[in-house]
S.K.: 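There's a structure below that I have some questions on.
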There are 2 protein chains.
Amino acid sequence: MTGQVRTVDGRVAGRRGQATRQKLLDCLSEMLSSSPYRDVKVIDVARKAGTSPATFYQYFPDVEGAVLEVAEQMATEGGQLTQLLDGRSWVGKAGWQTAQELVDGFLEFWRKNDAILRVVDLGAAEGDKRFYKIRMKILNSVNNSLADAVAELQAKGRVDKDVNPAAVAGSLVAMLAAVASHQKGFQTWGVKQAELKPNLALLVHLGVTGKKPTK
Amino acid sequence: MTGQVRTVDGRVAGRRGQATRQKLLDCLSEMLSSSPYRDVKVIDVARKAGTSPATFYQYFPDVEGAVLEVAEQMATEGGQLTQLLDGRSWVGKAGWQTAQELVDGFLEFWRKNDAILRVVDLGAAEGDKRFYKIRMKILNSVNNSLADAVAELQAKGRVDKDVNPAAVAGSLVAMLAAVASHQKGFQTWGVKQAELKPNLALLVHLGVTGKKPTK
DNA sequence: CACTTGTCCTGTCATGCCGTCAGCTTACCG
DNA sequence: CGGTAAGCTGACGGCATGACAGGACAAGTG
């Protein structure tokens, strides 16, 4: 799809080059987890990777460029999130389970990639289309499936006609993403991780079906 | 409460000093709106304020310190958000109106302060307790009111016992904040601002009362 | 083995921002 | 008018940035 990996000055990267490139990306990922985005410097990433800043600039235009790469890789993995919803039912007990598994899978994915997702969120909120597109790529799979589910229930008359499936789905997905980003924040409100999940699932179920789940 | 405003080196700031200090904060605010957080430099803020970098460092330890100040000022204004919920009813048509006005007021506040709120969100997500506290200060008022409303309905038996009021309220508030941050994103999903609001209100109403609103 | 080719890395350098200090200017007060 | 404290800035060492040319290295060739 993306063709060969190329250096900034146009050379094609060989085996060794790709290895160092990936090492730089991995080290960048680690840095993002351990220090504020604003303080991540090229020189630190390079040092951590046991190489020099000049090498970094051979593969990436700047820190942001490398971050986009990390984000892209994560977004590709994130495509698996569709599986949480493909072919699931929103009716009866199965519906409750669908909601629970969606919440579970979503939070888990976010927890695993929280550092890079923070930055993607920031970039998207700042209006950067590249980050925005990546955020879409991750959320779209879940969002579309949710919107379809709402639209389907709507067609059967089980959901009010004036509900906008895309708006509801988007809001629910945004909620999941936001809660995942600030999981620690809930502890201050006296809410433990284990308690949080069923309540989130409840909200998702309510939003999609308009009704309380049968457990 | 906070006593006198002091410079970094301990002098008390007079009228003139406070003016330049505030001017620096205002210019910082503008910069945050127009360029990515990562690219906001002390020298740019100082230039924009018609002063020198050295002056900046007289009032703030660094960019982050100044950002915290801006955020603090905004958080104080944000206390007004409580008014959106104080003494409101969640029953019948009034309940629907309460939900609508909450969504309206919340989105408006976020739209007005989106730049600084982005940064606060980032800081909080990165685990910085100072930003985290400010985010709390803003959200707590809304969150507590919502949680109280849920708990009250729960006491009357109108909401299931296994619902955790704080978890539900927190999730709804997080949803509002996230949607507000990414309002532009919804346009890609074909959802217009005007359509978004009632659907958000619906989700809030569903979350708080467990039932569809009577319009 | 010497030679060539193309990939890969780094030393070095000009540039620009950071953060501090000493010292100058301005405002206020007796 | 002189003293004192507030207010501001030029200047400087330090460090990150980003570009380049050249050296190191692996692999193939005669």
Side-chain angles (χ1 to χ4, degrees), chain A residues 2-28 30-32 34-70 119 123 128 130, chain B residues 2-28 30-32 34-70 119 123:
Chain A
T2 46
Q4 289 166 311
V5 178
R6 286 183 173 276
T7 58
V8 168
D9 55 331
R11 271 203 321 281
V12 288
R15 212 169 318 154
R16 195 150 74 106
Q18 297 220 16
T20 37
R21 194 184 127 100
Q22 190 57 48
K23 184 161 195 177
L24 283 167
L25 288 177
D26 292 343
C27 290
L28 172 60
E30 279 186 56
M31 296 247 67
L32 285 175
S34 59
S35 41
Y37 179 43
R38 204 167 192 284
D39 297 343
V40 172
K41 307 289 180 191
V42 169
I43 198 171
D44 296 323
V45 177
R47 253 201 290 264
K48 199 180 184 78
T51 178
S52 76
T55 301
F56 182 97
Y57 286 107
Q58 205 158 38
Y59 295 106
F60 312 103
D62 49 23
V63 171
E64 205 183 68
V67 165
L68 277 167
E69 204 73 22
V70 174
V119 181
D128 188 312
R130 298 165 302 171
Chain B
T2 46
Q4 289 167 312
V5 178
R6 287 184 172 275
T7 58
V8 169
D9 54 331
R11 276 202 315 282
V12 287
R15 211 168 318 159
R16 193 150 76 107
Q18 298 220 15
T20 37
R21 195 183 125 101
Q22 189 58 48
K23 185 160 196 178
L24 283 167
L25 288 177
D26 293 343
C27 290
L28 173 59
E30 280 187 54
M31 298 246 62
L32 286 175
S34 59
S35 40
Y37 179 44
R38 204 166 190 285
D39 298 343
V40 173
K41 308 287 180 193
V42 169
I43 199 171
D44 296 323
V45 177
R47 254 201 290 263
K48 198 179 184 80
T51 177
S52 77
T55 301
F56 182 96
Y57 286 106
Q58 205 155 43
Y59 295 106
F60 311 103
D62 48 24
V63 172
E64 206 183 65
V67 165
L68 277 166
E69 205 71 22
V70 174
V119 181

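When reading the values below, keep in mind they use all heavy atoms of this one structure, side chains included, and skip hydrogens, waters and symmetry mates. Below, chain A is the first sequence line, B the second, and so on; all start at residue 1.
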S.K.: Between B/D44 and B/R47, does at least one N-O distance fall below 4.0 Å, as a salt bridge requires?
M.R.: yes
S.K.: Looking at every strand, decide which applies to B/Y59 at a 4.0 Å heavy-atom threshold: base, sugar-phosphate, or nothing.
M.R.: sugar-phosphate
S.K.: Over all strands shown, is B/T7 touching base, sugar-phosphate only, or nothing at heavy-atom distances under 4.0 angstrom?
M.R.: nothing
S.K.: Between B/T51 and D/dT9, does any side-chain N or O lie under 4.0 Å from OP1 or OP2?
M.R.: yes
S.K.: Would you kindly give the CZ-to-C1' distance between A/R16 and D/dA24, to the nearest whole Å?
M.R.: 8 Å
S.K.: What is the distance from CG of B/D39 to P of C/dC18, rounded to the nearest Å?
M.R.: 11 Å
S.K.: Any side-chain N or O of B/T20 under 4.0 Å from OP1/OP2 of D/dG7?
M.R.: no
S.K.: Taking CZ from B/R6 and C1' from D/dG7, how many angstroms apart are they, rounded to a whole number?
M.R.: 16 Å
S.K.: Salt bridge (Lys or Arg N to Asp or Glu O under 4.0 Å), that's the test. Do A/R38 and B/E64 meet it? Break it down for me.
M.R.: CA-CA 10 Å; A/R38 204 167 192 284; B/E64 206 183 65; over 6 Å; no
S.K.: Quick check: does any side chain N or O of B/T7 sit under 3.5 Å from a backbone N or O of B/R11, one acting as donor and the other as acceptor?
M.R.: yes
S.K.: Do the non-hydrogen side-chain atoms of B/R6 and B/V12 ever get within less than 4.5 Å of each other?
M.R.: yes
S.K.: Whole-Å distance between C/dT26 C1' and B/R15 CZ?
M.R.: 14 Å
S.K.: What is the distance, to the nearest angstrom, from the CZ atom on B/F56 to the P atom on C/dC17?
M.R.: 15 Å
S.K.: Please list each protein N or O that sits under 3.5 Å from an N or O in nucleotides 14-19 of chain D, with the distance.
M.R.:
residue, atom, partner, partner atom, Å
D/dT17, OP1, A/V42, N, 3.2
D/dT17, OP2, A/V42, N, 3.4
D/dT17, OP2, A/I43, N, 3.2
D/dG18, OP2, A/Y57, OH, 3.0

S.K.: Which part of the nucleic acid does B/R11 contact within heavy-atom distance under 4.0 Å: base, sugar-phosphate only, or nothing?
M.R.: base
S.K.: Just how far, in rounded Å, is C1' of C/dC9 from NZ of A/K23?
M.R.: 14 Å
S.K.: Measure the shortest side-chain to side-chain distance between B/Y57 and B/V8 over non-hydrogen atoms and say whether it is less than 4.5 angstrom.
M.R.: no
S.K.: Measure the distance from CD on A/Q58 to P on C/dT12 and round it to the nearest whole Å.
M.R.: 18 Å
S.K.: Do B/L24 and B/V45 have side chains that approach each other closer than 4.5 Å (heavy atoms only, starting at C-beta)?
M.R.: yes
S.K.: Applying side-chain contact (heavy atoms from CB on, under 4.5 Å) between B/V119 and each of B/V70, B/V67, B/V40, report the one that passes.
M.R.: B/V67
S.K.: Nearest to the side chain of A/T55, which nucleotide is it out of D/dC8, D/dT9, C/dC9?
M.R.: C/dC9
